[in-house]
Amino acid sequence: MANIPDKPTLDGIEDRWAAQWDSDGTYRFDASVPREGVFSIDTPPPTVSGSLHMGHVFSYTHTDTIARYQRMRGKAVFYPMGWDDNGLPTERRVQNYYGVRCDPSQPYVEGFEPPFRGDPPKNHQAVAISRPNFLELCDELVEIDEQIFEMLLKRLGLSVDWSLKYATIDERSRRASQRAFLRNVTRGEAYSQEAPTLWDIDFRTAVAQAEMEDRERPGAYHKIPFALTGTNPGGTGTIEIDTTRPELLAACVALVAHPDDERYQPHFGTTVTVPLYGQQVEICAHELAEPDKGTGIAMICTFGDTTDVTWWRELNLPMRTIIGRDGRILTEPPHDVDVDAYATIAGLTVKQAQKTVVEQLVEADLLVGEPRPIQHPVKFYERGDRPLEIVTSRQWYIRNGGRDADLRATLVARGGEVEWHPAHMRHRYENWVEGLNGDWLVSRQRFFGVPIPIWYPLDEQGEPTYDAPLLPDESRLPVDPSTDAPDGYSEDQRGQPGGFVADPDIFDTWATSSLTPQIAGRWEEDGDLFERVFPMDMRPQAHDIIRTWLFSTMTRSHHEFGCVPWAHAALSGWILDPDRKKMSKSKGNVVTPLDLFETYGTDAVRYWSGSGRPGVDTAFSEDQMKVGRKLANKLLNVTKFVLQFGAPSGDRSLDDGVTEPIDRAMLAKLDAVIVEATAAFDAYDYARALERTEAFFWWFCDNYVELVKGRTYDESRPDAADSAKRALREALGAMQRMFAPILPFAAEEAWSWWNDSSVHLAAWPSPSGDGAAPFGDPSLADVTIEVLTQVRRAKTEAKRSQRAAVESLVVSAPPALYAAIDAGRNDLVDAGSIRDLQVVDGDTLATVITLADDD
RNA sequence: GGGCGCAUAGCUCAGUUGGCUAGAGCGCUUCCCUUACAAGGAAGAUGUCGGGGGUUCGAGUCCCUCUGCGCCCACCA
């Protein structure tokens, strides 16, 4: 127990208490507690790229308040931390930080030194380095970033058990990721397929539906006539189509119109000639064609957009591929396309090709009118800079209901087994699952990630047999198939006919982070632990990744365990700029969390976070942080004040020792607050708990403490003074504990002045009375305080000090209030410096106040 | 096009099963060094509860409708 400082201060308490909690192991998970005594949290592993931002502070604080509450309720809290360090963000950051790029054809260089450590100059040409060298740099940078993140999150006061740390690229995660996937493969929940896929031409990788977004981009309709062929019953002539992608004419495989469209019905089944390139394509009917769009008839290319894929598949059309994986027009023309015309665009980028084709159309008088500019949504990879193309490639998929109505319905129903906070977030989940149009693409053509643990046997011609993949035994995991050989083969058979070849790809980062409960809970590695924490109690996360992280975790858990991965999903909102726009990281001069911690104190920043209600977008507000600092400061000061009165004498119980009705009224009010705050926390509503606690706290400081402090000083009435001391300490202890989840540092500091162990391990307060036997009449104090307020008003209006004496106070009140006034009479006289107090009968509560003029 | 959310004081927001004169903080005005706190305290002003209609003894709260803002989703040539 420390001494009460003369001058309480918030300065420096973060470092002091963080170090103390670390060395005491305050937040260590007790793995011997049975499942029902555990509260387990599926912490979001932050992407370790760049710096901690306010969004992290906001949502991680929310989770931490729940963790701290549950711990105080006696639960063994399983609160791990992970780093999501594999995947594209890390690759991109490595490129930018070291000025390098990965080129798998480069040889490995022992002891490679990157050209830069830290931002290279803008004009620097990235140095091509081998994949192993690139991965070494990934590891190096990730290490640096993770240390910074850990420091910042400790400074934020998260009650994480840091011994439960993991990283999505570490060996355990790779093992879990590969094991889960292999089981998916074995059970038929994962499969590989050669198919058209959304493709980012800069990252040169396939991307999943969930990572795709629409962006409004300028484009232009080009109206182009297609010549009817001689066999056409409609005779010679042309059909005009509108397209925004004239560069894809060479990839055209058909035209399509709606089956009911009378304008085109006569032409269905006949052919037209594609301008410039000469291939003959059929005119088809399909109900996805919209008669009122463009000219009502569209050109189908392989592939311009996802509708083309649908048409291509459903109409059983041929394929004419012209766009390569680098986004350039392939050098080899597709079949039946005019070789000379094609040669003029071969090798060009899509943009260049469009320009060339339009010029050629104009020259050949094949463009009807001018191109008409429009704004239209174009599909982008969410991290990408150029529109997605569609290329055909072999990829791995995990079934997620996108092609199977039964599975889809099952996964939608799983959403109903989770309790959502706030409840309406469930709609987003259902909305997404019901809108899926394909399985989950998990393979990526990248470098830094978990390798797909698969090989393919090579036949006598050296061709891979994709439908008979070679799977490693689980005991070998993790494997890297690019350096490990499959069972029954030796390394010198790699790439040889009759030998094997490795799957060259890695998993998308979500394929691993969808297993965070399994990774953190050491699935299949520590069965005892896993039993105690899974399914987890809580999944905290932001609402924008319901379609990715939440849904993918649900899918994996459903496949592997046939259950939901957690009981509760707690969604936090966005941080908005003070002008209510979504806060953007790109704004250079955004304040950093560390600056705010130092300016206002961590508790103040947490207070702002804790005021943001679950799931609600919240404006960034330094004003709120100032209020939080005031609150934390007040907590220290009122603690000092209450404690300095000393402990009440004797060893009486609360019920026995709190004799004054005013004191019992205060404790009865406190009871109601405890009940409300407890219910709010049980419902994951930290903000409501904070608000109730805070409102009571200010009332307590401004009114109750002011009212009873005279009596507490009064040595002539020891029983009455003791009653106040007991009540003050009871309330103080309860409030310190109720603030502890939000203001862990200030609460611990204040608590430490009169307790030996941490407030964060103290029991959550419970009411002094209960419904059947309330501790007191909570309204009793209100009358006295109303009169006190009127006295204060009189002094303020007279521009006198609050200390000024009142010569006489006449209170008129209905007889029903006499008892209440009587109960507070002595306290009122003390607090108001009242020399003479009379109570007379009246219809309503009113006062006549005469100030003394002798001070 | 489908779905969800929001709209209360100048600002940020409470207002939980419908119930007395609609609340808090910030900001603003006035006053006060008072033995916890001047990084403090006391007091004050400020509202067509987005519009309209309905149910009810009674609606910020429930129902319908309109408007505005935001978000999510969708196969927009």
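- For A/Arg408 against A/Val433, the heavy-atom pair with the smallest separation is CD-O, 3.1 Å.
- Taking side-chain N and O atoms only, A/Tyr713 has a distance below 4.0 Å to OP1 or OP2 of B/A36.
- Phosphate proximity of B/A43 to A/Gln790: absent, as no side-chain N or O sits under 4.0 Å from OP1 or OP2.
- Using a 4.0 Å heavy-atom cutoff across all strands shown, A/Asn437 reaches sugar-phosphate atoms only and no base atom.
- Nucleotides B/G15 and B/U8 are separated by 14 Å at their P atoms, to the nearest Å.
- At the heavy-atom level, A/Lys7 lies under 4.0 Å from the strands shown only through sugar-phosphate atoms.
- Cation-pi check for A/Lys379 over A/Trp199 is not met; the charged atom does not lie both under 6.0 angstrom from the ring centroid and within 45 degrees of its normal.
- Within 4.0 Å (heavy atoms only), A/Gln375 reaches no atom of the nucleic acid at all.
- Judged by atom type and distance alone, A/Glu706 reaches the base of B/A36 through a side-chain donor-acceptor pair under 3.5 Å.
- Base pairing annotation: B/C49 forms no Watson-Crick or G-U wobble pair, as no partner gives both donor-acceptor distances under 3.5 Å.
- The side chain of A/Arg793 contributes an N or O atom lying less than 4.0 Å from OP1 or OP2 of B/G44.
- For A/Trp698, counting side-chain heavy atoms from C-beta on, the closest listed nucleotide (B/G41, B/C71, B/U34) is B/G41.
- Across all strands, A/Glu691 comes closer than 4.0 Å only to sugar-phosphate atoms, never to a base (heavy-atom distances).
- Within 4.0 Å of A/Ala679, counting heavy atoms only, lies no atom of the nucleic acid at all.
- Counting any heavy atom pair closer than 4.0 Å across all strands shown, A/Thr244 reaches sugar-phosphate atoms only and no base atom.
- When the side-chain nitrogen and oxygen atoms of A/Lys799 are compared with OP1 and OP2 of B/A43, none of them lie within a distance under 4.0 Å.
- When heavy atoms are screened at a 4.0 angstrom cut-off, A/Arg426 is found touching no nucleic acid atom at all.
- Set against B/A77, B/G2, B/C37, the side chain of A/Lys634 has B/C37 as its closest nucleotide.
- Salt bridge status for A/Asp827 with A/Lys709: absent, with no side-chain N to carboxylate O gap under 4.0 Å.
- Within 4.0 Å of A/Cys301, counting heavy atoms only, lies no atom of the nucleic acid at all.
- Looking at heavy-atom distances under 4.0 Å, A/Gly601 makes no contact with the nucleic acid at all.
- Figure legend. B/G40 is base-paired to B/C32; pairs are counted as Watson-Crick or G-U wobble with both atom distances under 3.5 Å.
- Closest to the A/Thr796 side chain, of the nucleotides B/A36, B/A43, B/G15, is B/A43.
- Between B/C73 and A/Arg547, a contact under 4.0 Å exists linking OP1 or OP2 to a side-chain N or O.
- Within the 4.0 angstrom heavy-atom criterion, base atoms lie near A/Arg629.
- The separation of B/C26 from B/A39, taken at their C1' atoms, amounts to 16 Å, rounded to a whole angstrom.
- Between the side chains of A/Glu314 and A/His286, at least one donor-acceptor pair of N or O atoms lies under 3.5 Å.
- Here A/Gln624 does not reach the OP1 or OP2 of B/U12: none of its side-chain N or O atoms lies under 4.0 Å away.
- In this structure, A/Leu635 places its CG atom 16 Å from C1' of B/G40, rounding to the nearest Å.
- In this structure, A/Phe620 has its ring center under 6.0 Å from that of A/Trp608.
- Spacing between B/G41 and B/A36 at atom P, rounded to whole Å, works out to 13 Å.
- Nucleotide B/A77 holds its P atom 9 Å from the CD atom of A/Glu290, rounded to whole Å.
- No engagement by A/Lys626 is indicated, since no non-hydrogen atom pair under 4.0 Å with the nucleic acid exists.
- For A/Tyr221, whose side chain is taken as the heavy atoms from C-beta onward, the closest listed nucleotide among B/A77, B/G25, B/C32 is B/A77.
- Contact annotation: A/His376 reaches the phosphate of B/A77 (side-chain N/O to OP1 or OP2, under 4.0 Å).
- Spacing between B/U17 and B/C11 at atom P, rounded to whole Å, works out to 27 Å.
- A/Asn431 comes within 4.0 angstrom of a base, heavy atoms only.
- Annotation: cation-pi pair A/Lys640/A/Trp753 absent, no NZ/CZ under 6.0 Å from the ring centroid and within 45° of its normal.
- In this structure, a donor-acceptor pair under 3.5 Å is present between the side chains of A/Arg428 and A/His543.
- Comparing B/C75, B/G15, B/A77 by their closest approach to the side chain of A/Lys379 singles out B/C75.
- Residue A/Arg428 places no side-chain N or O under 4.0 Å from the OP1 or OP2 atom of B/C4.
- Nearest nucleotide to the A/Lys293 side chain, out of B/C76, B/A42, B/G25: B/C76.
- Base pairing analysis places B/G19 opposite B/C57; the two distances defining the Watson-Crick or G-U wobble pair are each below 3.5 Å.
- Using a 3.5 Å distance cut-off with no hydrogens or angles, the side chains of A/Gln802 and A/Thr796 do pair a donor with an acceptor.
- Nucleotides B/C64 and B/C6 are separated by 15 Å at their P atoms, to the nearest Å.
- A/Asp308 comes within 4.0 angstrom of nothing in the nucleic acid, heavy atoms only.
- A/Ser611 comes within contact range of no nucleotide atom at all, as no heavy-atom separation falls under 4.0 Å.
- At least one side-chain nitrogen or oxygen of A/Arg803 sits closer than 4.0 Å to the OP1 or OP2 atom of B/U34.
- The side chain of A/Ala298 approaches B/A77 more closely than any other nucleotide in the set B/U34, B/A77, B/C4.
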